[in-house]
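Some notes on the structure that comes next.
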Amino acid sequence: MKTLLLVGGGHAHLHILKQLQTGALPGVRTILISPSEFQYYSGMLSGYIEGVYRLDEIRLSLDHLTRRAGIEWMKDRAVSVDPARQTVLTEQGTTVRYDVVSFDIGSLTAHTEITGVAEHAVMIKPYDAVAEIVEKIDRAEQIVVAGGGASGVEVSLAIQARRSKSGKLTPVSLISAGGLLSKSGPAFSRKITEIVQGKGIHLCTNDPVTDLTANRVRLKSGSLPFDQLLWLAGPRAPAIFSRSEVADKAGYLLLNSKLQSVFYPNIFGAGDCVTIDEHPGLDKAGVYAVREAPILWNNLKQFLNDGQLARYKPQRSYLSILSTGGQEGLLLYKGLAFHGGWCWKLKREIDKAFMDNYR
């Protein structure tokens with residue numbers, strides 16, 4: 001019997017678990033390795049922080065999904081892969097052999113090497129501690145969010161909205177080494193900057209962090225005090241791939257357009273933890289993992305049966321809706337931008353439909 005090993009419970013692997021509920025792969029033992037019982041949906045995280053969603057609305061039980069799919073779940077973390085021996089080593093010291101392995105473990109948070117960040121900043125990833133983080137936010141008076149990408153913007157606006165509801169007057173500070181949403185272009189950057197400032201957030205852009213102490217963040221231009229500092233400074237590759245010589249220069253799992261390792265044909269992957277050699281500039285965004293999912297599922301089945309693999313071709317553009325607090329959203333699509341309550345309602349419907357598909 002062959003073994004298919006799924007490492008991580010990200011968007012693409014959720015799709016595979018859903019497909020396995022309709023029938024097992026003949027002659028294949030399937031195992032999922034994930035350190036958490038729950039897979040959190042990042043698109044609804046800001047809504048939970050703001051107080052719009054309950055915790056059970058933004059996460060899925062991998063225990064429940066794997067039982068329905070009739071596969072094994074190992075509550076553990078993969079720390080290295082040995083492609084020559086076709087084994088994965090876990091944090092608890094278990095060696096798992098595979099015939100085919102697929103990685104969908106997401107990314108980590110970047111720039112944690114800056115002095116004081118590891119000791120004094122709060123990391124949202126992994127999301128298991130999000131309820132405790134919200135409790136810390138509620139107790140704090142001076143909150144700083146570091147990161148000018150989509151996550152930093154959404155989280156800072158969600159905290160600002162939450163504090164406004166509770167009557168706290170001290171504004172959230174949002175700091176960024178560059179402009180806000182700088183990868184989306186100057187027009188979108190100006191738009192989100194206008195929204196953030198209009199919501200009352202204290203904004204410091206183009207002002208990189210030099211170091212942190214226990215209660216103060218030093219920027220190039222000066223410093224800010226904080227009780228809680230949330231660090232959302234972009235994506236960083238997991239260490240597992242660099243340790244195993246299957247990575248690109250940045251440490252991400254290097255794949256071809258068939259979502260297959262360029263070094264070892266029985267290693268596959270999807271989502272934020274990978275780089276596709278033909279499309280190296282893809283954003284680390286869940287919308288790509290959703291589109292990759294059916295290709296990955298097809299190719300894993302085909303590889304196990306010596307069939308022909310399909311190619312993944314990423315969409316040229318995609319709909320993006322950022323939650324801006326107060327049940328409003330900023331919709332970005334093909335150079336157009338709209339802001340208001342209807343944008344957030346559309347986002348809510350899309351997010352809830354995604355989650356309902358797996359419940």
Side-chain angles (χ1 to χ4, degrees), residues 11 40-53 57-58 124 145-165 171-206 230 232-235 271-272 279 281-292 313-357:
H11 289 51
Y40 291 79
Y41 181 48
S42 59
M44 300 174 80
L45 187 70
S46 61
Y48 172 73
I49 292 173
E50 184 176 342
V52 176
Y53 298 122
E57 291 181 284
I58 70 164
I124 288 191
V145 177
S151 296
V153 168
E154 283 197 312
V155 167
S156 61
L157 287 165
I159 297 172
Q160 182 78 350
R162 184 182 184 91
R163 289 169 67 82
S164 296
K165 292 175 189 175
V172 174
S173 294
L174 174 60
I175 60 178
S176 175
L180 300 185
L181 299 186
S182 55
K183 290 184 178 180
S184 299
F188 292 148
S189 183
R190 286 193 297 270
K191 180 66 176 177
I192 193 61
T193 298
E194 178 184 302
I195 292 168
V196 166
Q197 291 176 325
K199 298 273 186 174
I201 286 179
H202 175 229
L203 183 60
C204 301
T205 56
N206 300 301
L230 279 66
L232 295 101
D272 290 0
H279 311 285
L282 285 184
D283 291 338
K284 302 302 180 185
V287 292
Y288 291 114
V290 171
R291 296 287 184 92
E292 289 165 359
K313 185 178 180 181
Q315 60 270 41
R316 290 186 178 181
S317 60
Y318 60 88
L319 177 70
S320 173
I321 308 177
L322 299 180
S323 175
T324 59
Q327 298 188 31
E328 292 184 323
L330 174 64
L331 185 153
L332 308 176
Y333 186 63
K334 290 187 176 181
L336 300 175
F338 303 94
H339 183 247
W342 71 268
C343 299
W344 185 86
K345 289 178 182 177
L346 176 59
K347 173 177 170 58
R348 179 186 61 188
E349 293 305 312
I350 293 171
D351 292 340
K352 295 189 89 173
F354 176 85
M355 295 295 280
D356 288 346
N357 186 47

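Reckoned from all heavy atoms, side chains included, excluding hydrogens, waters and symmetry mates.
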Measure the spacing between CD1 of Ile49 and CG of Leu157 and express it to the nearest 0.5 Å. 11.0 Å

Nearest heavy atoms of Cys343 and Gly329, plus distance in Å: CB-O, 3.4 Å

Looking only at heavy atoms, which two atoms of Glu50 and Gly325 are closest? And how far apart? OE1-CA, 3.5 Å

Would you give the length of the straight line joining atom OG of Ser182 to atom CD1 of Ile192, rounded to the nearest 0.5 angstrom? 12.5 Å

Measuring from Lys313:NZ to His279:NE2, what's the distance to the nearest 0.5 Å? 8.0 Å

If you look at every heavy atom in Ala161 and Gly326, which pair is closest and at what distance? CB-N, 3.7 Å

Hey, which of Leu180, Ile201, Leu203 is the one that makes side-chain contact (heavy atoms from CB on, under 4.5 Å) with Ser156? Ile201

Please assess Leu330 against Phe188 for the test side-chain contact (heavy atoms from CB on, under 4.5 Å), listing each intermediate value before the final yes or no. CA-CA 10 Å; Leu330 174 64; Phe188 292 148; over 6 Å; no

Between CD1 on residue Ile58 and CG on residue Leu45, distance to nearest 0.5 Å: 5.5 Å

Check whether Lys191 reaches the backbone of Ala337 with its side chain - one donor and one acceptor, N or O, closer than 3.5 Å. no

Taking C-beta and beyond as the side chain, do Met44 and Phe354 meet within less than 4.5 Å on heavy atoms? no

Might you point out which heavy atoms bring Lys284 and Asp272 nearest each other, and give the distance in Å? C-OD1, 3.3 Å

Give a yes or no answer on whether the side chain of Lys183 reaches the backbone of Gly149 with a donor-acceptor pair at less than 3.5 Å. no

Give, for atom OG1 of Thr193 and atom CG of Leu181, the distance between the pair rounded to the nearest 0.5 Å. 7.5 Å

Across all chains, not counting sequence neighbours, the salt bridge (charged side-chain N to carboxylate O under 4.0 Å, His left out) partners of Arg348 are none

Looking only at atom types and distance, does a side-chain atom of Glu154 sit under 3.5 Å from a main-chain N or O of Leu322, one as donor and one as acceptor? no

dist Lys334:NZ -> Tyr318:OH (nearest 0.5 Å) comes out at 14.0 Å

Start with the C-alpha gap between Asp351 and Tyr41, add the side-chain angles, then the distance that decides, and say whether side-chain contact (heavy atoms from CB on, under 4.5 Å) holds. CA-CA 9 Å; Asp351 292 340; Tyr41 181 48; 3.1 Å; yes

Val172 and Arg163 have their tightest heavy-atom pair at CG2-CD, 3.8 Å

Indicate yes or no for a side-chain donor-acceptor contact from Glu292 to the backbone of Gly271 under 3.5 Å, with no hydrogens or angles considered. yes

Non-hydrogen atoms of Ser189 and Gly179 that approach each other most closely: OG-C, 4.2 Å

Report the residue from Glu194, Gln160, Glu328 that forms a side-chain hydrogen bond (donor to acceptor under 3.5 Å, both in side chains) with Lys199. Glu328

